[in-house]
Number of protein chains: 2
Amino acid sequence: MLQTFFMPENEQFQYLKAYYMHLLPSLTEENWKVTEQVLKVRTFKKGELIVKEGQVCNNVSFINKGLVKMYFMVNGKEKIIGFCNELNYICDYQSFLTRKPANSYVQALENTEVVETSFDDLQMIYEKVPEANKLGRKIAEGLFLEMCEANHSQANETIIQRYRKVISDHPWLMQRVPQYMIASYLGITPEALSRIKSRVHNKKKSLVVI
Amino acid sequence: MLQTFFMPENEQFQYLKAYYMHLLPSLTEENWKVTEQVLKVRTFKKGELIVKEGQVCNNVSFINKGLVKMYFMVNGKEKIIGFCNELNYICDYQSFLTRKPANSYVQALENTEVVETSFDDLQMIYEKVPEANKLGRKIAEGLFLEMCEANHSQANETIIQRYRKVISDHPWLMQRVPQYMIASYLGITPEALSRIKSRVHNKKKSLVVI
DNA sequence: TAAAGTTCTTAACCCAAATCAATATTTTTC
DNA sequence: GAAAAATATTGATTTGGGTTAAGAACTTTA
């Protein structure tokens with residue numbers, strides 16, 4: 001009964017609402033209603049681009065279902081900077097926040113359903129719903145912390161350590177994306193990752209033998 | 001006359017106030033007064049540690065005068081992650097936001113004067129002054145954008161490009177810190193930076209000759 | 001200004017990953 | 001289920017930065 005009361009009108013918004021409530025338990029039903037007004041559901045087929053270099057990124061998109069990759073084009077090659085699956089936000093925040101053309105791409109790796117909020121609507125919410133600023137602050141702080149982690153890992157860990165972390169932190173990644181994309185994400189060539197894997201694997205075998 | 005009206009009581013807070021007003025033009029005198037209550041001026045001698053690994057970072061410190069380096073200790077060597085001079089914030093935000101022990105150090109490279117706000121005071125301000133959340137959001141967003149830039153540069157530019165960027169973006173750095181620290185910041189050894197410099201230099205010379 | 005302490009440069013050698021290239025394996029498509 | 005496409009592996013060669021070591025050029029201090 002209680003749960004029904006908290007369910008958003010549109011069932012497709014339930015995950016996003018739960019996410020907001022988690023970050024901001026004081027969020028009122030009334031304020032949620034204001035927010036709900038501006039949400040849009042959108043779907044992307046596998047392979048479709050959600051963010052494109054050169055275009056201003058106008059939405060933050062919360063993934064209900066699916067998987068995307070974020071990448072830059074560097075000398076004609078794609079350099080993957082991250083993957084994003086269910087219950088996470090897709091956005092080129094650099095473009096979104098600065099209102100400048102994106103220099104990244106986001107592409108659906110699977111058919112993907114998202115809940116969008118546009119930049120203008122978000123600013124409207126910040127004005128109408130003061131506590132949204134607190135939510136916005138917490139989301140920005142969270143993004144910053146994530147970026148710190150990534151940076152630290154990139155700079156101070158060996159590639160083997162980072163490879164192990166990837167497969168232990170996101171075991172689903174290995175099932176859902178080809179290895180050469182993980183190589184790109186780690187910042188090495190597919191050949192190098194293949195060699196590292198065989199090194200790691202052989203070391204494990206010899207440990208068992210000894 | 002107008003300017004006098006806007007001057008904070010304590011002249012040592014003027015830069016910080018200007019910074020706040022820049023990010024949040026709607027900041028009222030009244031709300032500034034609340035903020036001013038909790039500010040503390042503090043000085044560090046060259047060489048002193050402002051943030052120490054293992055201790056929770058309890059303050060954000062706005063630099064009035066001076067220069068600091070931020071670094072990690074990695075296998076007994078320091079890995080510099082950034083420099084910070086006048087009109088910027090010093091903080092291990094990871095530690096500050098998560099309330100966990102810092103894994104970074106911040107050390108004064110020159111005698112340094114800062115204006116501090118403690119974590120608890122900041123939370124108090126967020127409660128008492130709702131618009132502070134907007135300021136906090138903007139600061140967090142700004143930090144995130146900076147981190148994006150750094151990350152992108154680290155991942156997608158050659159060391160020569162990054163070296164050139166450092167000297168063109170922060171020419172004062174070369175005057176104020178020794179080259180081996182810049183090497184550490186770029187993520188290479190002092191020897192490698194020395195070689196790169198001579199490479200860059202020789203290329204320039206030969207261009208002139210041709 | 002001499003001596004000591006820092007910082008910077010150069011050289012020789014080493015190693016991990018990039019590149020280039022060929023082949024093997026898996027997945028998709030018809 | 002065969003052919004085509006995509007992905008993964010392995011080998012040979014190159015390359016850029018690490019390491020070690022020595023000496024040169026600056027700074028500081030007395």
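Only heavy atoms go into these numbers, but all of them, side chains included; no hydrogens, no water, no symmetry mates. These figures come from a predicted structure and were not determined experimentally. Residue numbers begin at 1 in each chain, while the letters A, B, ... track the order of the sequences.
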Measure CD/A:Glu191 against C1'/C:dA21 and give the value in whole Å, please.
10 Å
Verify the contact: side-chain N or O of B:Ser194 to OP1 or OP2 of C:dC8, cut-off strictly under 4.0 Å; return yes or no.
no
NZ of A:Lys197 versus P of C:dA17: gap in Å, rounded?
16 Å
Mark yes or no: B:Lys69 above the aromatic ring of B:Tyr71, with NZ or CZ under 6.0 Å from the six-membered ring centre and no more than 45 degrees from the axis.
yes
B:Met147: side-chain contact (heavy atoms from CB on, under 4.5 Å) partners, not counting sequence neighbours:
A:Phe144, A:Met147, A:Cys148, A:Asn151
Over how many whole Å does the gap from B:Arg195 atom CZ to C:dC8 atom C1' extend?
13 Å
Could you tell me whether B:Glu113 and B:Arg42 make a salt bridge, using a distance below 4.0 angstrom between a side-chain N and a carboxylate O?
no
Rounding to the nearest 10°, end axes of the helix from C:dT1-D:dA30 to C:dC30-D:dG1 built from five pairs each make an angle of 50°
Below 4.0 Å from chain A heavy atoms, what is the first contacting nucleotide of DNA chain D and what is the last?
D:dT7 to D:dA12
Whether the side chain of A:Asp92 engages the backbone of A:Gln94 through a donor-acceptor N/O pair (distance < 3.5 Å, no angle test) should be reported.
yes
Within the structure shown, what part of the strands sits under 4.0 Å from B:Ile159 by heavy-atom distance: base, sugar-phosphate, or nothing?
sugar-phosphate
Round to a whole Å and report the spacing from NZ of A:Lys79 to P of C:dA18.
11 Å
Nearest whole angstrom, please: distance from the P of C:dT6 to the NZ of B:Lys46.
12 Å
Under 6.0 Å between ring centres, would you say that holds for B:Tyr105 and B:Phe72?
no
When you check the phosphate oxygens OP1 and OP2 of C:dT9, does a side-chain N or O of B:Gln179 lie under 4.0 Å from one of them?
yes
Reference residue B:Cys84; test side chain to side chain contact (heavy atoms under 4.5 Å, CB included); the match among B:Val114, B:Val106, B:Thr112, B:Ile63
B:Ile63
